[in-house]
Amino acid sequence: MRVRRFGALIGAGMALSLALSACGSDTEKTEAKTVLQKAQDDKKLTIGIKFDQPALGLKKPDGTFDGFDVDVAKYIAKELGVPEDGITFKETTSANRESFIGGGQVDLVVATYSITEARKQQVTFGGPYYVAHQDTMVNADNNDIKKAADLKGKRLCKAAGSNSFRRITDPPPDGKLDIDGVKLVDAQSYSECVSKLKSGALDAVSTDDLILAGFANQQKGSFKVINDPFTDEKFGVGMKKGDTETCEAVNKAISKMYSDGAAGQYLDKHFAGTGLKLVKEVPTMEGCA
């Protein structure tokens, strides 16, 4: 009797072990699913965008979303097999983009996310879907700052998670201008930077020209962009590191978005009349490393 009971216990233990192994295999398969596979299988995606950047990623009072990044995200999702009603937009800031991608809170990030070598170590980038240029915005009545070099000794906004200030204050290769004496003023976001600029708490905000143009256009007459660009800012679509299958599909979608004229329509829709020179040719893709 004892032998039979012992044998039954061993058999049950082996069955449980096999069941757990099978569950583990299923879990691994689920975790290994690419964003493209998820899009095709589930017809749903969670995409990180900014909620506070006019003309790029803005959550409106009625709960809908508007902006160039929003339109680009919808187009890419459609090309991956996800209808508009299958998209969940999640607020993603400059400070949490990498952690949201790595932690699985979002599948893709389309949020004025400049492709840099440092960021490539943490995420894979599709694109770029647009090449912007860093510029500087000041209050409309400011006549002291006419070029980027005039920022010496001025109060400049330092938005959390953004590298834009470094291109002014740091020496190469991270910086571009290496201007001494700049006084950095902390802010949690570029919308807070703009509020501080308007209130007189700082002298300038410097970041990608599309971002600045959106804010300037939203509050006409309050600000001006000095039109002294000094970098190329390649806006990429961020995704989990190593997801080359999705990256290649995203690049294909971006190329199609330009070739069929949709990208040009989106740019005109959000930035016509801002004075920016809008580039409507497909950008050179970075690759999917």
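Computed from a prediction, not measured in an experiment: that's the story for all the values here.
- In this structure, Ile76 CD1 and Asp69 CG are separated by 9.5 Å, a value rounded to the nearest 0.5 Å.
- Phe165 carries Lys158 over the face of its six-membered ring, with the cationic atom under 6.0 Å from the centre and within 45° of the normal.
- No hydrogens or angles considered: nothing links the side chains of Ser191 and Gln53 as a donor-acceptor pair under 3.5 Å.
- Checked by atom type and distance alone, the side chain of Asp243 pairs as donor or acceptor with a backbone atom of Val35 at under 3.5 Å.
- Asp209 contributes atom CG, which lies 12.0 Å from atom CG of Asp228 (distance to the nearest 0.5 angstrom).
- The six-membered or imidazole ring of Phe51 lies near that of Phe65, with a centre-to-centre distance under 6.0 Å.
- Judged by distance alone, the side chain of Ser189 and the main-chain N or O of Ala187 form no donor-acceptor pair under 3.5 Å.
- Annotation: side chain of Gln121 is not in contact with side chain of Lys241 (no heavy-atom distance under 4.5 Å).
- The side chain to side chain donor-acceptor pair (under 3.5 Å) with Tyr113 is formed by just one residue from the set Glu98, Lys234, Arg119; it is Glu98.
- Across Val205 and Val194, no two heavy atoms sit closer than the pair CG2-N, 4.5 Å.
- Note: Thr124 OG1 to Leu108 CG = 11.5 Å, rounded to the nearest 0.5 Å.
- Thr207 places no side-chain N or O within donor-acceptor distance of the main-chain N or O of Ser164, the cut-off being under 3.5 Å.
- Salt-bridge check for Lys59 with Asp52: failed, with every basic side-chain N at 4.0 Å or more from each acidic carboxylate O.
- Between the side chain of Asp150 and the main chain of Lys147, a donor-acceptor pair closer than 3.5 Å is present.
- Note: the hydrophobic cluster containing Ile49 does not contain Ile101 (ILVMFWY, side chain heavy atoms under 4.5 Å, direct or indirect links).
- In this structure the side chain of Lys196 reaches within 4.5 angstrom of the side chain of Val185, judged on heavy atoms.
- In this structure, Leu80 CG and Lys43 NZ are separated by 10.0 Å, a value rounded to the nearest 0.5 Å.
- Counting heavy atoms from C-beta on, the side chains of Val123 and Met239 never come closer than 4.5 Å.
- Looking at heavy atoms from C-beta onward, Thr112 lies in side-chain contact with Lys50 at the 4.5 angstrom threshold.
- Here the shortest heavy-atom pairing between Ala148 and Leu177 reads CB-CD1, 3.5 Å.
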Legend entry - Met257/Val72 under side-chain contact (heavy atoms from CB on, under 4.5 Å): CA gap, chis, key distance, verdict: CA-CA 8 Å; Met257 181 178 69; Val72 170; 4.0 Å; yes
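- Here the closest heavy-atom approach between residue Ala55 and residue Gly214 is recorded as CB-CA, 3.9 Å.
- For NZ of Lys78, the number of neighbouring non-hydrogen atoms (other residues, nucleotides, ligands) closer than 6.0 Å is greater than 12.
- In the hydrophobic clustering of this structure, Phe100 groups with Phe125; members are Ile, Leu, Val, Met, Phe, Trp, Tyr whose side-chain heavy atoms approach within less than 4.5 Å, directly or through other members.
- Tyr190 places no side-chain N or O within donor-acceptor distance of the main-chain N or O of Cys157, the cut-off being under 3.5 Å.
- A distance-only check finds no donor-acceptor pair linking the side chain of Asn142 to the backbone of Asn139 [under 3.5 Å].
- Side-chain atoms of Asp208 do not come within 3.5 Å of backbone N or O of Leu210 as any donor-acceptor pair.
- The two residues Ala132 and Phe235 make their nearest non-hydrogen contact at CB-CZ, 3.8 Å.
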Inset, instruction - Show your working on side-chain contact (heavy atoms from CB on, under 4.5 Å) between Cys288 and Asn251 and close with a plain yes or no. - result: CA-CA 9 Å; Cys288 294; Asn251 286 351; 3.4 Å; yes
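- Within the 4.5 Å cutoff, side-chain heavy atoms of Ile115 are placed close to those of Pro128.
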Inset, instruction - Begin with the C-alpha distance, continue with both residues' side-chain angles, and end with the deciding distance and a verdict on side-chain contact (heavy atoms from CB on, under 4.5 Å) for Gln188 and Thr93. - result: CA-CA 9 Å; Gln188 290 302 307; Thr93 67; over 6 Å; no
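- The two residues Gly127 and Ile254 have their closest heavy-atom pair at CA-CD1, 3.6 Å.
- A salt bridge does not link Glu79 to Lys252: none of the charged nitrogens lies less than 4.0 Å from a carboxylate oxygen.
- Side-chain contact check for Ile47 versus Val109: every heavy-atom pair is 4.5 Å or farther apart.
- Between the Ser99 side chain and the Asn96 main chain, a donor and an acceptor come within less than 3.5 Å of each other.
- Ring geometry for Tyr266 against Tyr75 counts as perpendicular: the plane angle is over 60°, on a 0 to 90° scale with 30° as the lower cut.
- Put simply, the side chain of Thr246 gets close to the backbone of Leu36: a donor and an acceptor are under 3.5 Å apart.
- Smallest separation of non-hydrogen atoms from Ser206 and Thr136: OG-OG1, 3.4 Å.
- Test Lys152, Arg155, Lys154 against Asp203 for salt bridge (Lys or Arg N to Asp or Glu O under 4.0 Å) and you get one pass: Arg155.
- A side chain to side chain contact (heavy atoms under 4.5 Å, CB included) with His270 is found for one member of Asp71, Leu56, Asn217, Leu278 and no other, namely Asp71.
- Both Val250 and Tyr258 are members of a single hydrophobic cluster when ILVMFWY side chains are connected at heavy-atom separations under 4.5 Å.
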Inset, instruction - Under the side-chain contact (heavy atoms from CB on, under 4.5 Å) rule, what do Lys224 and Val138 come out as? Steps first, then yes or no, please. - result: CA-CA 6 Å; Lys224 61 184 178 184; Val138 298; 3.8 Å; yes
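- No side-chain heavy atom of Glu233 sits less than 4.5 Å from a side-chain heavy atom of Tyr130.
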Inset, instruction - Assess whether salt bridge (Lys or Arg N to Asp or Glu O under 4.0 Å) is satisfied between Asp268 and Lys280, documenting all intermediate values. - result: CA-CA 10 Å; Asp268 286 340; Lys280 299 178 183 179; 2.8 Å; yes
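- Looking only at distances, no side-chain donor or acceptor of His133 sits under 3.5 Å from a matching main-chain atom of Pro229.
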Inset, instruction - Assess whether side chain to side chain donor-acceptor pair (under 3.5 Å) is satisfied between Gln219 and Lys198, documenting all intermediate values. - result: CA-CA 10 Å; Gln219 303 183 51; Lys198 192 171 185 177; 2.9 Å; yes
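- Taking 4.5 Å as the limit, some side-chain heavy atom of Lys74 sits within range of a side-chain heavy atom of Phe89.
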